[in-house]
Structures are given as C-alpha cells and as structure tokens.
Amino acid sequence: MAKLFRFGLVGGIVAAFDFGFIWAFSGFVPRLAAVAIAYLLAVALHFCLNRWWVFAALHRPAAAQLPRYALTVSLCWLSTVTITALALSTLTTNVFLAKAGSIPPTTLLGFVLMRSFVFRHPPSSGGG
C-alpha cells in the first residue's frame, strides 16, 4: 500500500512540475513548444522518481527498463483515450469529466505494470 501511495504522490509531483515547466518555458518559446519540452522533462522525472523512490529498482540498468517504461506509458495513454472516448459516447459530453473518469483505472494500470513489468525485481535465487 505504501508503494501505491508513493506512486500517486509521484503522479501529483510530476503534474505540478509539468505545469511549472510549461509556465517557465512559455516565456521563451511558443506555447506548444513549451508543452512539448515540459512533457519530455515530466516523463523523465516520472521515470526517475518511480525507479529510485517508489519501486527502488536500481538492480538493473535504466537502459533495460526504458523500453518497458515506454510501452507502459503507451498503454496508459491508450487506456486514457479509450476510457475518455467511451465516457463521452455514453455518460457525458463534458470532456473534463470524461477524462477525470479515466484517471483512476489508468493510474491503477500504470502502477501494476510498473511494479510487475517495468521495475520488477529479479527472482531471488533459492539457495538453501
């Protein structure tokens, strides 16, 4: 349960940094460029905080975890879009409500995949 709490906290921290980065960069570059730069920095921060703090997964090189992380992020994006589209077609016309409805299941999906796929610990070698 502690890992799930930390995972949620990391999500909030990363969201705050994402918006902060957008604010900081929008004074120097076009707004969409600021969003793109902020997104890349936020994803990098998300990976690092989850690797180091949430899952303590320093047992493998980051390069080995990055492709799995990219796949997980892609699946979470697909989950968000699918659930939002389903909610828009059946429950509400408000895109913000529809998107908000996608957050809990997509967060849970991301947590499960990161724990069991991206940052999983190697099986312990049974010695004796």
Tell me the side-chain hydrogen bond (donor to acceptor under 3.5 Å, both in side chains) pairs involving residues 103-118, sequence neighbours left out?
-> S79-T106
With clusters built from Ile, Leu, Val, Met, Phe, Trp and Tyr whose side-chain heavy atoms come within less than 4.5 Å, directly or transitively, what are the remaining members of the cluster of I22, listed by chain and number?
-> V35
Grouping ILVMFWY residues whenever side-chain heavy atoms fall under 4.5 Å, the cluster of W52 otherwise contains L58
Residue list, side-chain contact (heavy atoms from CB on, under 4.5 Å) with H59, at least two apart or on another chain | A57, H121, P122
Per the side chain to side chain contact (heavy atoms under 4.5 Å, CB included) rule, which among L71, V73, T72 passes with L75?
-> L71
Heavy-atom closest contact (A64 atom, P67 atom, distance) | O-CD, 3.7 Å
Set of residues satisfying ring-ring contact (aromatic ring centres under 6.0 Å, His included) with respect to F55, sequence neighbours excluded = F111, F119
By side-chain contact (heavy atoms from CB on, under 4.5 Å), which residues pair with A62, not counting sequence neighbours?
-> F47, R51
Write out all pairs satisfying ring-ring contact (aromatic ring centres under 6.0 Å, His included) with one or both partners inside residues 71-98, taking only residues at least two apart or from two chains.
-> none
Not counting sequence neighbours, list each pair that qualifies as a side-chain hydrogen bond (donor to acceptor under 3.5 Å, both in side chains) and has a residue in residues 89-103.
-> none
Applying the 4.5 Å side-chain criterion to the ILVMFWY set and letting contacts propagate, would F28 and I37 be lumped into a single cluster?
-> yes
Mark yes when over 12 heavy atoms from residues, nucleotides or ligands other than F25 sit less than 6.0 Å from its CZ; otherwise mark no.
-> yes
Residues at least two apart in sequence or cross-chain that pass side-chain contact (heavy atoms from CB on, under 4.5 Å) with L49, listed by chain then number, are V10, I13, V14, L45
Linking directly or through intermediates, with side-chain heavy atoms under 4.5 Å: list the remaining ILVMFWY members grouped with I83, chain and number order.
-> none
F19 and F21: same hydrophobic cluster, using ILVMFWY side-chain contacts below 4.5 Å?
-> no
side-chain hydrogen bond (donor to acceptor under 3.5 Å, both in side chains): which pairs involve residues 18-45, sequence neighbours left out?
-> none
To the nearest 0.5 Å, how far apart are CG in L97 and OG1 in T84?
-> 11.0 Å
Counterpart residues, side-chain contact (heavy atoms from CB on, under 4.5 Å), relative to A33 (two or more places apart) | V29, P30
Roughly how far apart are C76 SG and I103 CD1, rounded to 0.5 Å?
-> 12.0 Å
Shortest non-hydrogen pair, P104 vs A100, comes out as CD-O, 3.4 Å
Find out if a path of hydrophobic residues (ILVMFWY) with successive side-chain heavy-atom gaps under 4.5 Å connects Y69 to F117.
-> yes
In this structure, CG of L109 is separated from CE of M114 (nearest 0.5 Å) by 9.0 Å
Any chance you could measure F7, atom CZ, to N50, atom CG, to the nearest 0.5 Å?
-> 5.5 Å
Cluster overlap V54 with L4, hydrophobic side-chain contacts below 4.5 Å | yes
